[in-house]
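Residue numbers begin at 1 in each chain, while the letters A, B, ... track the order of the sequences. Atom set for the values below is all heavy atoms of this structure, side chains included, hydrogens, waters and symmetry mates excluded.
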Amino acid sequence: MMNPSAMTLQAYKLFHEGVLAFARAEQLGMRIDVEYCERKKKQLTRKITGLEKELQKAKLIQHWRHYYGKKFNMYSNWQLAHILYDVKKITPVSTTVTGKGSTNDEALSQLGIPELDSLLEIRKLIKVRDTYLDAFLREQVNGILHPFFNLSTVRTYRSSSSNPNFQNIPKRDKEAMKICRRAILPRPGHQLLEIDYSGIEVRIAACYHKDPNMIKYIKDPTTDMHLDMAKELFLLQFMDKKIPEHKVLRDAVKNGFVFPQFYGDYYKNCAINMACGWGKLPKEGEWKAGQGISMPTGTLSDHFISMKIKSLHQYTEYVRKVEEDFWNNRFKVYQKWKNKWWVEYQRKGYLDMLTGFRCKGVMRKNEVLNTPIQGSAFHCLLWSFIEIDKIMMKEKWKSRLIGQIHDAIVIDTHPSELEYVAKIVKQVTCHDLPKAWPWIIVPLDVEADICEVDQSWNKKFNYKLI
DNA sequence: GGAACTCGCCAC
DNA sequence: AAACGTGGCGAGTTCC
């Protein structure tokens, strides 16, 4: 990390100050509801035991127990794979990196065996109990948690977090989110404020490739890249984010096509993601009327069939063309940058980020293209974190920075300072940073969420920033 | 009996 | 020709 040929002085200073700012957040830590964690842990254990007992009665599990005898373990994926794919000779939906049949959520739910669904439900509860609540209790000192924020572990010069990891607390699964985030509290009389950069990686990518069409999408709030791609990929002339069925399709395209494409995925995976993952259409055979998620009129299969797309195979071919258009027409300058950047790395053996970091070593193409974007995007957050920390100390705020999640900052805020803190954060993140780093050629934007005074992290409300 | 590996799963 | 980027961590398994 501190290899001087791997960073400019500017980069070194950023990390030096970053380490100090993170240390202050770590030292203060965050309050945790110990009694709640203990109570919830017991409650989860009771629930898990009940579900386990229920599951023992299932035929598949009895067969499995009989086969393994004393060594039977419901949570051994190795045993499960053996029973399913060797003993019962079921064809695995997918395989692991070492070539064995997969026993992950995707694979098991596709087998359509009800007892496996209960197993997945139990797995989820165990994950919440053992990875989060247990870790919170283990790591807390006098009711305070001190997650580490490391700046020396990640190849792209991003940060990581550990003991416990504050950067992977459940959010998308509402049930898991509520259980885990209910444990995190502000200091007495304070409230938790969270500010995150909107689409920071897309914006920082634009600073590298400078694609005019991408810059237009970023600058013009009346345009919507994901909605435009959704229209194309779902063959709809008109779409509106406010229509619930259309919002589902837009999200499917955002997470199943646009982002994967930016990470270097390709049309075959994207087609399956959208049609079968989000759209709920079968992978095999011809699609029939009435299948898949509902649309404003009929279902997805009805719609696709009316557009002469009757199977995953045909849809994949369509997505191939959309991908080609995406990179060769819509974002052709981005595509040119990708080629140039890859060739340049191969020639030099390293790449230099706009933030002054140099990455050396053997990298695959996707790594080479992603590293500068991921790293620099995080450095924007880091610069902002440091600046806010400096102001906070100089002005002796009661409010304090307590954590960071790649593109978001968490602040334990005193209500009397809330408006002022929010104003400073907005100023630093969206105005001071682009002034300090002139290579930022697109506007930056942040969004904020706030919890009520003395309330935990699971109930957040949008906080309007001016 | 512990280190290293595999697998699964949480986040951005 | 190749084909989703970056982490941490818990449990099970294998290796020494």
Participant: Below 4.0 angstrom from OP1 or OP2 of C:dG8, is there any side-chain N or O of A:Ser160?
Facilitator: yes
Participant: Side-chain N or O of A:Thr371 versus OP1/OP2 of C:dT6: is the shortest distance under 4.0 Å?
Facilitator: no
Participant: I want to verify a distance call: between C:dG8, C:dG12, C:dC4, whose nearest atom is closest to the A:Ser162 side chain?
Facilitator: C:dG8
Participant: Please state how far atom CZ in A:Phe72 lies from atom P in C:dA11, giving the value in whole angstrom units.
Facilitator: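 So the two atoms are 17 Å apart, to the nearest Å.
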Participant: A:Asn269 side chain: which of C:dC4, C:dT13, C:dT6 is closest?
Facilitator: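 Nucleotide nearest to A:Asn269's side chain: C:dC4.
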Participant: May I ask you to evaluate whether A:Lys171 reaches the phosphate of B:dC10, defined as a side-chain N or O under 4.0 Å from OP1 or OP2?
Facilitator: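 The answer is no; no side-chain N or O of A:Lys171 sits under 4.0 Å from OP1 or OP2.
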Participant: Which of the following nucleotides, B:dC7, C:dG5, B:dC10, is nearest to the side chain of A:Lys124?
Facilitator: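 The answer is B:dC10.
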Participant: For A:Leu401 and A:Ile409, what are the C-alpha separation, side-chain angles and deciding distance, and is it a side chain to side chain contact (heavy atoms under 4.5 Å, CB included)?
Facilitator: CA-CA 7 Å; A:Leu401 303 177; A:Ile409 297 175; 3.7 Å; yes
Participant: Per the atom types in the model, does the base of C:dG7 pair as donor or acceptor with the side chain of A:Gln167 at under 3.5 Å?
Facilitator: no
Participant: Under 3.5 Å, is there a donor on one side chain and an acceptor on the other for A:Ser376 and A:Tyr208?
Facilitator: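 A:Ser376 vs A:Tyr208: donor-acceptor pair found between side chains.
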Participant: Determine: side-chain N/O of A:Asn370 to OP1/OP2 of C:dT6, distance under 4.0 Å, yes or no.
Facilitator: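 Negative; the distance criterion is not met.
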Participant: Ignoring hydrogens and angles, answer whether the base of B:dC9 and the side-chain atoms of A:Lys127 contain a donor-acceptor pair closer than 3.5 Å.
Facilitator: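 Yes.
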Participant: Using the rule side-chain hydrogen bond (donor to acceptor under 3.5 Å, both in side chains), only one of A:His82, A:Arg123, A:Lys100 pairs with A:Asn77; which is it?
Facilitator: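 One option only clears the test, and that one is A:Arg123.
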Participant: Taking atom types as they are modelled, would you say the side chain of A:Arg158 forms a donor-acceptor pair with the base of C:dT6 within the 3.5 Å cutoff?
Facilitator: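 Checked by distance alone, the answer is yes.
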Participant: Could you check which of C:dT14, B:dT6, C:dC4 has an atom nearest any side-chain atom of A:Tyr263?
Facilitator: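 Of all the options, the side chain of A:Tyr263 is nearest to C:dC4.
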Participant: Where the side chain of A:Tyr266 is defined as all heavy atoms beyond and including C-beta, which of B:dC9, C:dA3, C:dA11 is the nearest nucleotide?
Facilitator: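 The nucleotide sitting nearest to the side chain is C:dA3.
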Participant: Looking only at N and O atoms, is any donor in the side chain of A:Arg123 or the base of B:dC9 less than 3.5 Å from an acceptor on the other one?
Facilitator: no
Participant: Please state whether the phosphate of C:dT13, meaning OP1 or OP2, lies under 4.0 angstrom from any side-chain nitrogen or oxygen of A:Ser76.
Facilitator: yes
Participant: A:Asn168 has a side chain; which of C:dA11, B:dC10, B:dG8 sits nearest to it?
Facilitator: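 Comparing C:dA11, B:dC10, B:dG8 against the side chain of A:Asn168, the answer is B:dC10.
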Participant: Taking the cut-offs as 6.0 angstrom to the six-membered ring centre and 45 degrees off its axis, would you call A:Lys178 and A:Trp457 a cation-pi pair?
Facilitator: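 Geometry flag: not set, cation outside 6.0 Å or 45°.
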Participant: Do any side-chain nitrogens or oxygens of A:Thr103 fall under 4.0 Å of OP1 or OP2 in B:dG8?
Facilitator: yes
Participant: Of the nucleotides C:dC4, C:dT6, C:dG12, which one has an atom closest to the side chain of A:Tyr75?
Facilitator: C:dG12
Participant: Take A:Lys365 and A:Tyr345 through the side chain to side chain contact (heavy atoms under 4.5 Å, CB included) test and state the conclusion after the steps.
Facilitator: CA-CA 9 Å; A:Lys365 186 175 180 184; A:Tyr345 162 77; over 6 Å; no
Participant: From C:dG7, B:dC12, C:dG10, pick the nucleotide closest to the side chain of A:Arg172?
Facilitator: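 Out of C:dG7, B:dC12, C:dG10, the nucleotide with an atom closest to A:Arg172's side chain is B:dC12.
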Participant: Indicate yes or no for a side-chain donor-acceptor contact from A:His146 to the backbone of A:Glu26 under 3.5 Å, with no hydrogens or angles considered.
Facilitator: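 Yes: the side chain of A:His146 pairs with the backbone of A:Glu26.
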Participant: Just compare B:dC9, C:dT6, B:dG8 and give me whichever is closest to any side-chain atom of A:Asp105.
Facilitator: B:dC9
Participant: Side chain of A:Asn104, heavy atoms from C-beta onward: which of C:dT6, B:dG8, C:dG5 has the nearest atom to it?
Facilitator: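 Looking only at side-chain atoms, A:Asn104 lies closest to B:dG8.
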